[in-house]
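Below is one structure, written out as structure tokens; the observations come after it.
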There are 2 protein chains.
Amino acid sequence: MAYLDTQESIRFARRVRPVRPGVQDTGDTFADFGAKTSAYSAHNVIYYEGDAAQRLFEVASGTVMLFKLLPDGRRQVVEVLRPGEIFGLAGSNEYECTAETLTDASIHELDLRLVDSNLDVQRKLAKCLANQMRILHEHAVLLGRKSAVERVASFLMYLIPNRGGVGCLGPENEDDDGYDLKLHMTRQEIADYLGLTIETVSRVVSDLKRRGVIRVDRSDQIHLRKVCSLCQMTGMH
Amino acid sequence: MAYLDTQESIRFARRVRPVRPGVQDTGDTFADFGAKTSAYSAHNVIYYEGDAAQRLFEVASGTVMLFKLLPDGRRQVVEVLRPGEIFGLAGSNEYECTAETLTDASIHELDLRLVDSNLDVQRKLAKCLANQMRILHEHAVLLGRKSAVERVASFLMYLIPNRGGVGCLGPENEDDDGYDLKLHMTRQEIADYLGLTIETVSRVVSDLKRRGVIRVDRSDQIHLRKVCSLCQMTGMH
DNA sequence: CGAGCGCTTGACAGATCTCAATAAAAGTGG
DNA sequence: CCACTTTTATTGAGATCTGTCAAGCGCTCG
């Protein structure tokens, strides 16, 4: 796993790690371009992989996941989207993922025919995609190279705004490095996002609990007691 | 690994698998927008992760890889780019990956200041990013859910145009289901792309050879003897 | 021909998965 | 509101796959 002695890793010692952006402000939303807005309740499918692609979507509020399935039922959650992020682009004429809400959500839906000719739409599109692409790159590192503990720690860190990146200044308060977290995903969804099994996720969470890094108030309600310790476990430090 | 009996996999039984596109024709290239074009020799770094981002790049000819490193030297190749594909977008002001040529390559380089205001550039950008994003999604499935054999088989199939997708019609010729392949990546690069170790990649290749699915003429020169068999091993059938 | 590099192979270790049982939580109906 | 069912999560034991470490092979090039 370690290539420490390779020429390359020495050569790159100076590289830095970008801050994970919070929800990015990309200016306009699709609502400004004539999109209609729909409300979905939690755990509803917006479209299925293979459906004819007719609209482009933007999360207005709530959380949405995109996933793909292999024929034998293995599932990979490929993106978890928050407000301001877009989905539903299809290279061909069919959606390449299934989109499902994780929470109650409000979604802007823009007819694909309105997309091509509008510079502002294209600009927002390019900006959002570039941002989501960076997250996908980071996620590829997680899936390809991180251990189970590192994956779960990284996942939890993603959920804290303004921590864990280059700009991270440590805890705001010396004595209190805690943070309260509400998970909007089941263990199975987390597992499918992190490329693990539900049992492994559960075991890692129990382990973090045992080590005093987190406190599990309910299975979807987690208090991070030592954010800095957790951050040390992401593999990025 | 199998979720065959879940409600979900039944619900999605009808889904289809999109054809992996070959190099996509997105109309204009950056050259049409005033980009300068540079030549790079094989295995040269175009920019490092963390460098100040000033340009947007498009592969004109050759192959380029993007990768990220963890502090302990673990590497993940996050994209392998072919002509027409773009890279160098930075959400912030720094490149988030290192870009390195795999082969001799010719690269269009467009000043970032020329990007924002041009509808055609934005259109190409959005189109390319959407396409590359689909590939990243597919790759996330590979990294998160596929076995070593499935990863290598998928990798080899990617390198054959017009095979392996929904539109795949099988071999052109009943008796000959072969294809000659030139790899432009070392075993280490392939391993870092597939989230495996070099030893595992080597073992899988040897195994495919033993099973008569491929013939290894040189380590970077592989003849696929039974494309359909190989395709069956990708986990997508 | 020898050195160096990339690749292959073997033996073993360890992380994660699988399968199975149990526990806890959430939803249902009387 | 309380049994009862169903779903979701946890835990254990064992199997398996891939990683680690080490040695050897085979090009390629000076």
Side-chain angles (χ1 to χ4, degrees), chain A residues 1-8 41-43 70 72-76 102 142-153 182-210 214-222 233 235, chain B residues 1-8 42-43 70 72-76 102 142-153 155 183-211 214-222 233 235:
Chain A
M1 234 187 188
Y3 301 70
L4 256 180
D5 45 358
T6 63
Q7 218 182 340
E8 230 149 17
S41 57
H43 290 280
L70 291 174
D72 63 2
R74 283 177 284 178
R75 180 173 78 161
Q76 180 64 42
L102 287 170
L142 181 149
L143 293 173
R145 290 299 177 207
K146 290 191 182 178
S147 71
V149 174
E150 289 170 338
R151 293 182 201 203
V152 173
K182 165 85 176 162
L183 300 181
H184 297 293
M185 301 167 80
T186 65
R187 294 285 185 275
Q188 185 64 67
E189 285 158 354
I190 295 171
D192 287 345
Y193 184 47
L194 301 182
L196 299 169
T197 59
I198 183 172
E199 293 95 332
T200 299
V201 170
S202 187
R203 267 185 261 270
V204 170
V205 167
S206 298
D207 218 63
L208 293 175
K209 194 166 60 179
R210 223 169 291 126
I214 65 175
R215 190 185 66 225
V216 180
D217 297 330
R218 270 182 18 186
S219 70
D220 65 341
Q221 197 86 42
I222 291 182
M233 306 169 78
Chain B
M1 232 182 189
Y3 300 71
L4 256 180
D5 44 359
T6 63
Q7 219 183 340
E8 229 149 19
H43 290 280
L70 291 174
D72 64 2
R74 282 176 284 178
R75 181 172 76 162
Q76 180 64 44
L102 287 170
L142 181 149
L143 292 173
R145 291 298 176 209
K146 291 192 182 178
S147 71
V149 174
E150 289 170 337
R151 293 182 200 202
V152 173
F155 174 72
L183 301 179
H184 297 294
M185 300 168 80
T186 65
R187 293 288 185 274
Q188 185 64 66
E189 286 157 354
I190 295 171
D192 288 345
Y193 184 47
L194 302 182
L196 299 169
T197 59
I198 183 172
E199 293 94 334
T200 299
V201 171
S202 186
R203 266 186 262 270
V204 170
V205 168
S206 298
D207 218 62
L208 293 176
K209 194 166 61 180
R210 221 168 293 124
R211 290 202 250 170
I214 66 176
R215 190 184 66 225
V216 180
D217 297 331
R218 271 182 18 187
S219 70
D220 65 341
Q221 197 85 43
I222 292 183
M233 306 170 78

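A note on names: the letters A, B, ... follow the listed sequences, proteins ahead of strands, and every chain is numbered from 1.
- Protein atom CG of A/Leu183 is 14 Å distant from nucleotide atom C1' of D/dT8, rounded to whole Å.
- The backbone N or O of B/Ser206 lies less than 3.5 Å from no partner atom in the side chain of B/Arg211, so there is not a single donor-acceptor pair.
- Rounded to an integer number of Å, the gap from CG of A/Asp217 to P of C/dA24 is 16 Å.
- Nearest-nucleotide assignment on DNA chain D puts the 5′-proximal partner with A/Ser219, out of A/Gly144 and A/Ser219.
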Requested in this report: Apply side chain to side chain contact (heavy atoms under 4.5 Å, CB included) to A/Arg75 and A/Gln188, showing your working.
Outcome: CA-CA 10 Å; A/Arg75 180 173 78 161; A/Gln188 185 64 67; 4.3 Å; yes
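- Panel note: side chain A/Arg151, backbone A/Lys146; a donor-acceptor pair is recorded below 3.5 Å.
- Between A/Met185 atom CE and D/dT8 atom P the separation is 14 Å, expressed in whole Å.
- Following rounding to the nearest Å, A/Leu102 (CG) and D/dT8 (C1') show an atom-to-atom distance of 16 Å.
- Taking atom CG on A/Leu143 and atom C1' on C/dT16, their separation rounds to 15 Å, with Å as the unit.
- For B/Arg218 and D/dG26, the CZ to C1' distance is 13 Å, given to the nearest whole Å.
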Report task. Classify every nucleotide of nucleotides 11-18 of chain D by which part a protein heavy atom approaches to under 4.0 Å, writing B for the base, S for the sugar-phosphate alone and - for neither, in 5'-to-3' order. Result -> BBB----S
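- Between A/Leu194 atom CG and C/dA15 atom C1' there is a gap of 16 Å when expressed in whole angstrom units.
- Here the P atom of nucleotide C/dA25 and the CZ atom of A/Arg187 are 12 Å apart, to the nearest Å.
- Residues B/Gln76 and B/Tyr193 share a closest heavy-atom pair of NE2-O, 3.1 Å.
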